[in-house]
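Just the heavy atoms: all of them, side chains too, but no hydrogens, waters or symmetry mates, feed the values below.
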Amino acid sequence: MRPIPLLTLFIALGMAAVGCDASHGGKSEKSPLIIFRNADGRTLTAEDLKGVVGTFRYEIVGDTNVPSEARSPHQQARQAGGQGDYKKALNLLERASALAPQWPYPVYDAAYTHLLMKDFDEARGLP
């Protein structure tokens with residue numbers, strides 16, 4: 001699949017995250033929207049991303065103990081999506097996810113496929 005534009009991805013992640021107001025002594029103070037926090041506590045906020053442009057590639061960790069029966073339709077789905085056959089890709093991703101429900105790749109790729117189809121409500125509605 002194609003790389004996701006950096007700003008688009010972080011905007012989507014920011015929409016998924018929830019900003020919060022912290023009350024301190026009767027005052028409401030807006031907390032910065034944290035987009036990412038690593039295991040060491042280092043954070044990336046929406047403010048850090050102002051003016052950032054470009055693309056990047058990344059991988060989702062979490063594919064250990066995935067049965068080969070799930071990997072095969074996932075790979076076929078990625079090929080179908082790369083060829084623009086999004087309906088076929090979504091069917092294959094649904095099958096892969098059913099075979100490996102804890103594996104995040106099929107869910108992520110299904111959401112991304114819906115974004116490519118400009119079906120934003122369906123992309124947000126995925127588990």
Student: Checking D40 side chain against R42 main chain: does a donor-acceptor pair fall under 3.5 Å?
Tutor: no

Student: Starting at CZ of R71, measure out to NE2 of H74 and round the result to the nearest 0.5 Å.
Tutor: 9.5 Å

Student: Drop me the distance from E69's CD to R95's CZ, to the nearest 0.5 angstrom.
Tutor: 12.0 Å

Student: Would you give the length of the straight line joining atom OG1 of T113 to atom OH of Y108, rounded to the nearest 0.5 angstrom?
Tutor: 9.5 Å

Student: Looking at Q76, I want to see if its CD is surrounded by more than 12 non-hydrogen atoms of other residues, nucleotides or ligands under 6.0 Å.
Tutor: yes

Student: Output yes when a side-chain donor or acceptor of T45 lies under 3.5 Å from a complementary backbone atom of D48, and no otherwise.
Tutor: yes

Student: Would you compute the distance between atom CG of L115 and atom CG of D109 and round it to the nearest 0.5 angstrom?
Tutor: 11.5 Å

Student: Same cluster or not: are L93 and L99 linked, directly or through other Ile, Leu, Val, Met, Phe, Trp or Tyr residues, by side-chain heavy atoms under 4.5 angstrom apart?
Tutor: no

Student: Would one find more than 12 heavy atoms of other residues, nucleotides or ligands at under 6.0 Å from atom CG of N38?
Tutor: yes

Student: A side-chain contact here means heavy atoms from C-beta on lying under 4.5 Å apart; do R78 and L92 qualify?
Tutor: no

Student: Taking all atoms of both residues into account, what is the closest heavy-atom pair of A70 and A96, and its distance?
Tutor: O-CB, 3.4 Å

Student: From D121 CG over to H114 NE2, what is the distance, rounded to the nearest 0.5 angstrom?
Tutor: 11.0 Å

Student: In terms of hydrophobic clusters joined by side-chain contacts under 4.5 Å, are M117 and Y112 together?
Tutor: yes

Student: Locate the shortest heavy-atom distance separating A123 from A111; write the atom from each residue and the value.
Tutor: CB-O, 3.6 Å

Student: Any non-hydrogen side-chain atom of K88 less than 4.5 Å from a side-chain atom of Y86?
Tutor: no

